[in-house]
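Report on the structure given below.
Chain letters run A, B, ... following the sequence lines, proteins first, then strands; residues in each count from 1. Just so you know, these numbers come straight off a predicted model, no measurement behind them.
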Amino acid sequence: MALKLYESLSRSLRELRRPDPTNPADVFTFYNCGPTVYAPAHIGNFRTAVVNDVIRRLLELEFGPTKVKHVRNLTDVDDRTIAQALKEKRPLAEITQKWTEKYQADSAALNCLIPHVQPTATGHIKEQVSMIEVLMEKGNAYRGADGSVYFKIDSFPEYGALSRIKDRELKITDASADSDHKDSVSDFALWKAYKPSEDGEVKWPGPKGAAEGRPGWHIECSAMIKKHLGDTIDLHTGGVDLLFPHHENEIAQSNCCNGVTFARHWYHSEHLLVDGTSMSKSKGNYYTLSDLVEKGYSPMAVRYALLAGHPRKQLNFTLDSLHAAEKAISGIRNRLYEMGVYGNVLFFRQEFESVLTADDDLEWGLFAEAWELLKSDLNMPAALGAAFSAISHITDLDLSGKLTTERWRLEFLSAYRFFNRALGIDLQLPTVEEKKRLESDQSKTTPDEITALAEQRWAAKQAKDFATADKLRAELTAAGWTMLDRKDGYSLEPLKKA
RNA sequence: GGCGCGGUCGCCAAGUGGUAAGGCCGAGCUCUGCAAAAGCUCUAUCGGCGGUUCGAUUCCGCCCCGCGCCUCCA
């Protein structure tokens, strides 16, 4: 079945365009609205990022890894970035650089693929200016009294198609009412004239006929898309909150400037709620990735938790659901290991690695249903359900002695492909070398006295002196460590903080 | 006020006009000295009231509750 995704403009499920496989130049163009880099992104931002990452992964699996071009912007000049720079009395670039790096580090920790291009607004001032000039020439934009430039909504009859704004009764707020020098309150800024009191040192020469200043928010996406992906793109995504006005305005700008359809497909992911309500610092439910890592949760569990709901539905994130995610991942891993797979995993390691990049015909085995559900409008909860069923099925086969090596290989490759490659949930299957290194790293961070206790206990256990062994286990527990026995050895883990 | 989304097991969360996936938690059991891991078993009638229907959690209406957007929030 083809890859289907809800389309916001038509409000229906639509197939995504499949690029011509025989034409190397024909790639699927995918743009997603990225972060504003003025502070650490919160997990709600990352829900959108992770959902988009899965879209990217599905596109590559479906069309081939070389058939997709993914662009995500970085908004590094706007009201908030400038305000933050003024507040800290530091140059704008310093602030945005810092938070860009943090965003990229967090994305990497969440196992998100790096977009092929990550353009910045400040790096595309020229492109934005020239686009504004075209819009002015065509009569879609006008100069305000203060030298700002506004887009004239009336000049674009289709305005409002995406958000159905014409059905809405716009609330007239102070911000919109006093908005400077617009002809109509609905017109939006393409270029904002420099205001010394608000803009600090941030300014560029403006479009012809306009004052110096800085670009409005919406134009950056239109300009960067035009430059990096062309006049018409295959897929444009973002969070629901961007539907209006941001995406509506992008459509207006790009359509009027280029005269062709802007995006063939629009997709919006819903927001994350925390403890049943919107996140805010005053409610104490505002989390960044670092906050959660400090609490002892793994980034992979965060990723899983963010993917555990349907992307077009609000997802309620709680620390309980994060705990559930942590257990779900370790459960999957343990179950796959348990069926005597571990040694084979190491044996086939190379093959698994190749699965991560191959674009040959894919066999999904028992994971076929999970894969289809994923392709069907990103139904992740249903897909995960099917994946768990598939794992149980493999276990059944194993327990009943029906899991031949060949069958196992197929199913395990499918599992690995589904979790690691499609969902981006790294099952972390270590090679022998990695395993050794992991254990030596662990011994470095384990206090010597703990290691000594563990050694003594292991020796006692080997000597079947269980009384001593139990006593030593109790001592380890009291010292805050837990000892996990295996057939051939043990590992030490610090007890989880409450 | 306008536009839109949602209320399903203790928690998270799919789904369907014919009596409800999955994960977590909990309980019991099996196995392995203990622990961990794993396996098996058990745990819901779908916000409320009407209507349509042979039959609704699933369609329609009303009500209650929650959430989002309404000019720069993913």
Side-chain angles (χ1 to χ4, degrees), chain A residues 11 32-36 41-52 75 78-80 163-173 175-176 179 182 185-189 192 216-218 237-246 248-249 268-273 276-279 304-305 308-310 312-335 337-339 370 373 379-389 391-392 395-396 398-399 457 461 464-467 469-470 473-474 476-477 482-487 490-491 493:
Chain A
R11 305 191 150 217
N32 100 262
C33 286
T36 300
H42 59 245
I43 52 171
N45 295 309
F46 283 119
R47 180 190 195 191
T48 302
V50 164
V51 166
N52 278 287
T75 298
D78 79 322
D79 290 358
R80 289 177 299 164
S163 60
R164 303 200 301 182
I165 193 68
K166 282 172 184 168
D167 296 339
R168 299 187 185 198
E169 180 180 301
L170 275 182
K171 187 168 66 180
I172 304 304
T173 63
S176 56
S179 58
K182 299 183 196 175
V185 288
S186 294
D187 292 349
F188 61 90
K192 299 182 130 186
W217 175 39
H218 315 295
T237 68
V240 271
D241 54 304
L242 298 184
L243 204 132
F244 182 83
H246 187 54
E248 196 72 73
N249 292 351
H268 297 90
S269 49
E270 254 296 347
H271 277 188
L272 188 73
L273 302 181
T277 183
S278 54
M279 242 185 304
Y304 185 104
H310 191 113
R312 287 195 293 107
K313 206 175 151 184
Q314 291 174 344
L315 172 66
N316 189 17
F317 181 94
T318 65
L319 290 183
D320 279 346
S321 66
L322 186 52
H323 176 258
E326 198 86 68
K327 298 297 279 185
I329 293 173
S330 63
I332 293 162
R333 200 181 305 148
N334 289 334
R335 289 170 79 176
Y337 286 4
E338 270 300 314
M339 60 185 83
L373 286 162
N379 193 338
M380 313 224 214
L384 282 170
F388 276 100
S389 299
I391 292 172
S392 292
T395 306
D396 289 344
D398 186 38
L399 291 177
R457 181 180 164 276
K461 182 183 168 178
K464 299 211 181 290
D465 179 2
F466 295 129
D470 287 348
R473 176 182 288 286
L476 282 165
T477 306
T482 181
M483 190 164 169
L484 307 177
D485 296 358
R486 293 190 310 274
K487 280 178 186 165
Y490 63 87
S491 60
E493 282 179 16

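- Contact annotation for His271(A): base contact, defined as any heavy-atom pair under 4.0 Å involving a base atom.
- With rounding to the nearest 0.5 Å, the separation of CG in Asp396(A) from CD1 in Ile391(A) is 12.0 Å.
- Within 4.0 Å of Arg312(A), counting heavy atoms only, lies no atom of the nucleic acid at all.
- Taking Arg47(A) as the reference, nothing meets the salt bridge (charged side-chain N to carboxylate O under 4.0 Å, His left out) condition, with sequence neighbours excluded.
- Asp241(A) pairs by the side chain to side chain donor-acceptor pair (under 3.5 Å) definition with His271(A), not counting sequence neighbours.
- For His268(A), the ring-ring contact (aromatic ring centres under 6.0 Å, His included) partners are His247(A), not counting sequence neighbours.
- Remark: RNA chain B forms stems of 3 or more consecutive Watson-Crick or G-U wobble pairs, all pair distances under 3.5 Å, at B:1-7 with B:64-70, B:10-12 with B:22-24, B:26-30 with B:38-42, B:47-51 with B:59-63.
- If you measure from atom CG of Leu273(A) to atom P of rA74(B), you get 16 Å, rounded to the nearest angstrom.
- Atom C1' of nucleotide rA74(B) and atom CG of Asn45(A) are separated by 5 Å, given to the nearest angstrom.
- Residues that satisfy the side chain to side chain donor-acceptor pair (under 3.5 Å) test with Thr36(A), not counting sequence neighbours, are Arg80(A).
- At the heavy-atom level, Met483(A) lies under 4.0 Å from base atoms of the strands shown.
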Between protein and nucleotides 8-13 of chain B, what N or O pairs are separated by less than 3.5 Å?
from	atom 1	to	atom 2	distance (Å)
rC12(B)	OP1	Asn316(A)	ND2	3.1
rC12(B)	O3'	Asn316(A)	O	3.3
rA13(B)	OP1	Asn316(A)	N	2.8

N/O-N/O pairs, protein side and nucleotides 25-33 of chain B side, under 3.5 Å:
from	atom 1	to	atom 2	distance (Å)
rG33(B)	O6	Arg457(A)	NH2	3.2
rG33(B)	N1	Asp470(A)	OD1	2.9
rG33(B)	N2	Asp470(A)	OD1	2.6
rG33(B)	N2	Asp470(A)	OD2	2.3

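- When the options Glu326(A), Lys327(A), Arg333(A) are evaluated for a side chain to side chain contact (heavy atoms under 4.5 Å, CB included) with Ile329(A), the one that passes is Arg333(A).
- Residue-level contact check: Asn52(A) touches neither bases nor backbone, having no heavy atom under 4.0 Å from any strand.
- Summarising the geometry, the separation between CE on Met380(A) and P on rG22(B) is reported as 20 Å, rounded to the nearest angstrom.
- Counting to the nearest Å, the P atom of rG22(B) and the OH atom of Tyr304(A) are 13 Å from each other.
- In this structure, CG of Asp78(A) is placed 14 Å from C1' of rA74(B), rounded to the nearest angstrom.
- Along RNA chain B, the nucleotide nearest Ser392(A) and the nucleotide nearest Arg11(A) are compared for position; the residue whose nucleotide lies closer to the 5' end is Arg11(A).
- Not counting sequence neighbours, the partners of Phe46(A) by the ring-ring contact (aromatic ring centres under 6.0 Å, His included) test are Tyr103(A).
- In this view, Asp320(A) satisfies the salt bridge (charged side-chain N to carboxylate O under 4.0 Å, His left out) rule with no residue, not counting sequence neighbours.
- Between His218(A) and His246(A), the angle of the ring planes lies from 30° to 60°, which puts this pair in the tilted group.
- The side chain to side chain donor-acceptor pair (under 3.5 Å) test applied to Asn45(A) returns His42(A), not counting sequence neighbours.
- Here the P atom of nucleotide rU71(B) and the CG atom of Asp79(A) are 14 Å apart, to the nearest Å.
- Both Pro35(A) and Phe388(A) sit near RNA chain B, but only Phe388(A) has its closest nucleotide nearer the 5' end.
- Atom pair Trp217(A):CH2 and rA74(B):P shows a separation of 7 Å (rounding to whole Å applied).
- For Asn379(A), taking side-chain heavy atoms from C-beta onward, the closest of the listed nucleotides rA74(B), rG15(B), rU71(B) is rG15(B).
- Nucleic acid contact for Ser269(A): none, since no nucleic acid atom lies under 4.0 Å from a heavy atom of the residue.
- Taking atom CZ on Phe244(A) and atom P on rC5(B), their separation rounds to 18 Å, with Å as the unit.
- Considering only residues two or more places apart in sequence or on other chains, Ser269(A) meets the side chain to side chain donor-acceptor pair (under 3.5 Å) condition with none of them.
- Partners of Leu273(A) by side chain to side chain contact (heavy atoms under 4.5 Å, CB included), not counting sequence neighbours, listed by chain and number: Gln314(A), Asn316(A).
- Residue contacts for Gly276(A): at a heavy-atom cut-off of 4.0 Å it reaches the sugar-phosphate backbone alone, with no base atom in range.
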